[in-house]
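Accompanying notes for the structure given below.
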Amino acid sequence: MLHNYEVLLLAIEEICESSRVPEMCVKGMGLKYQIKSFDFIFGLYLLNPILNIILKTSSLLQSPNMDLVLAVNSVESLVQNLMAMRNRT
């Protein structure tokens with residue numbers, strides 16, 4: 001989402017402008033307002049590196065050629081990476 005932030009805002013605007021359903025436009029404008037808020041943007045930047053390493057492990061765990069040893073090693077590596085990120089000052 002971080003890389004597509006501007007495109008997402010444009011898509012919400014386009015949906016609101018082209019929609020004939022008033023409820024959809026109101027919800028879209030509310031979503032746009034929330035996405036542009038400081039809290040959302042701060043959370044997005046804060047969580048992006050964490051979610052990226054979780055996504056990599058999740059994708060690996062879902063691969064068809066996954067075995068138990070590789071799965072355990074992947075999860076252990078994920079935990080170590082998350083702990084290292086937490087302990088950084």
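Values below: all heavy atoms of this structure, side chains included; hydrogens, waters and symmetry mates excluded.
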May I ask whether M29 and L8 are part of the same hydrophobic cluster, defined by side-chain heavy atoms of I, L, V, M, F, W, Y residues being less than 4.5 angstrom apart, directly or through others? no

Please tell me whether M85 and L51 are part of a single hydrophobic cluster in this structure, the criterion being side-chain heavy atoms less than 4.5 Å apart. yes

Go through the structure and list residues passing side chain to side chain donor-acceptor pair (under 3.5 Å) with E13, not counting sequence neighbours. K32

Partner residues of S63 under the side chain to side chain donor-acceptor pair (under 3.5 Å) criterion, sequence neighbours left out: N65

To the nearest 0.5 Å, how far apart are CG in N52 and NZ in K56? 6.5 Å

Nearest heavy-atom pair of T57 and S74: which atoms, and what distance? CG2-O, 4.0 Å

Side chain to side chain contact (heavy atoms under 4.5 Å, CB included) partners for V7, two or more places apart: none

Reported CG-to-CD1 distance for the pair L78 and I50, which is rounded to 0.5 angstrom: 10.5 Å

What pairs with D67 under side chain to side chain contact (heavy atoms under 4.5 Å, CB included), at least two apart in sequence or on another chain? V69, L70

Side chain to side chain donor-acceptor pair (under 3.5 Å) partners for S77, two or more places apart: none

Inter-residue atom distance L10.CG - E17.CD, 0.5 Å rounding: 9.5 Å

Please answer: with hydrophobic residues joined when any side-chain heavy atoms are less than 4.5 Å apart, are L46 and F38 in the same cluster? yes

Listed by chain and number, what are the side chain to side chain donor-acceptor pair (under 3.5 Å) partners of Q80, not counting sequence neighbours? none

Y5 OH to Y45 OH distance, which is reported to the nearest 0.5 Å: 9.0 Å

How close do M24 and C16 get, counting heavy atoms only, and between which atoms? O-SG, 4.5 Å

When you measure from the side chain of S58 to the backbone N and O of L55, does any donor-acceptor pair fall under 3.5 Å? no

OH of Y33: more than 12 outside heavy atoms within 6.0 angstrom? no

Hey, could you give me the CG/NZ distance between L9 and K36, rounded to the nearest 0.5 Å? 6.0 Å

If you round to the nearest 0.5 Å, how far is CE of M66 from CG of L61? 5.0 Å

Does the pair I35 and I12 meet the rule for a side-chain contact (heavy atoms from CB on, under 4.5 Å), with working shown? CA-CA 10 Å; I35 288 175; I12 292 171; 3.7 Å; yes

